[in-house]
Amino acid sequence: MTNILTWLAGSHIIQGIIVGGVLAFLTANIIMNAVMKSITTNVNGWSITFKCGQPGNGILLRAACAKVLPAVNVVQEAAYWTTTVDSAGRRLSGQHEYILHFPAGQLPPNDAFWSLTMTDVVGFMVSNPIDRSSVGSRSGLVPNADGSLDIYLQRTAPAGNESNWLPAPAGYFKLMLRAYLPGRAILDGEYHVPPVMKVQ
């Protein structure tokens, strides 16, 4: 048995298989990233794709989508936007305070509901003092007098605006906005999520 293990350890065949497997994995990731980039639209720092989950997608497109959005719905069921940057292209960080401002009548059009979720950059929910990791159309958000809506993304509670607060972690974070049964303006690509504005 020892002789076999020694032979395997020094075998060029085994080394070739290992190197080939690693190269195949890296190549597949490069190709999937390129495919995902080619079908992704970026506006105001937010990224969205309309092709994931569609019947008839080839295996490469399905793999690329699964890598980024596992178990994704077809866009007619749910639209997903993600961002890790503010309006100036800087990474979102709990060291700063941000506002996501929706002008009056510009909330994500939908026939079900919408939600905004905050995670760390890996995708895990962020622990915070009020146990809130998302807000949305069912959260009792308070609009401004002109009908617009501000969501406060920061570590500490915004005085007087706690109902619209989505607590941020100390480090970098990611946002995902979902609209379920999205409206025609989303499906046609006419609707754009506003940029995340840094306040301080």
Hey, is the main chain of [Y] close enough, under 3.5 Å, to the side chain of [X] for a donor-acceptor pair?
X: Ser137; Y: Trp114; result: yes
X: Asn44; Y: Val193; result: yes
X: Glu97; Y: Leu153; result: no

*Among all residues two or more places apart in sequence or in another chain, which pass the salt bridge (Lys or Arg N to Asp or Glu O under 4.0 Å) test with Arg132?*
none
*Would you please name every residue forming a salt bridge (Lys or Arg N to Asp or Glu O under 4.0 Å) with Asp188, sequence neighbours left out?*
Arg184
*Evaluate the side-chain proximity of Thr117 to Arg178: yes if any heavy-atom separation is below 4.5 Å, no if none is.*
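Of all side-chain heavy-atom pairs linking Thr117 with Arg178, at least one is under 4.5 Å.
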Could you pull out all residues at least two apart from [X] that satisfy side chain to side chain contact (heavy atoms under 4.5 Å, CB included)?
X: Ala145; answer: none
X: Gln106; answer: Pro103, Tyr191
X: Ser163; answer: Val142

*By side chain to side chain donor-acceptor pair (under 3.5 Å) - contacts of Asn164 (at least two apart)*: none
*Crowded around Asp146 CG? As in, over 12 foreign heavy atoms under 6.0 Å?*
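For Asp146, atom CG is crowded (more than 12 foreign heavy atoms under 6.0 Å).
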*Do Asp150 and Asn161 meet the criterion of a side-chain donor-acceptor pair at a distance under 3.5 Å?*
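Note: Asp150 and Asn161 side chains miss the donor-acceptor criterion.
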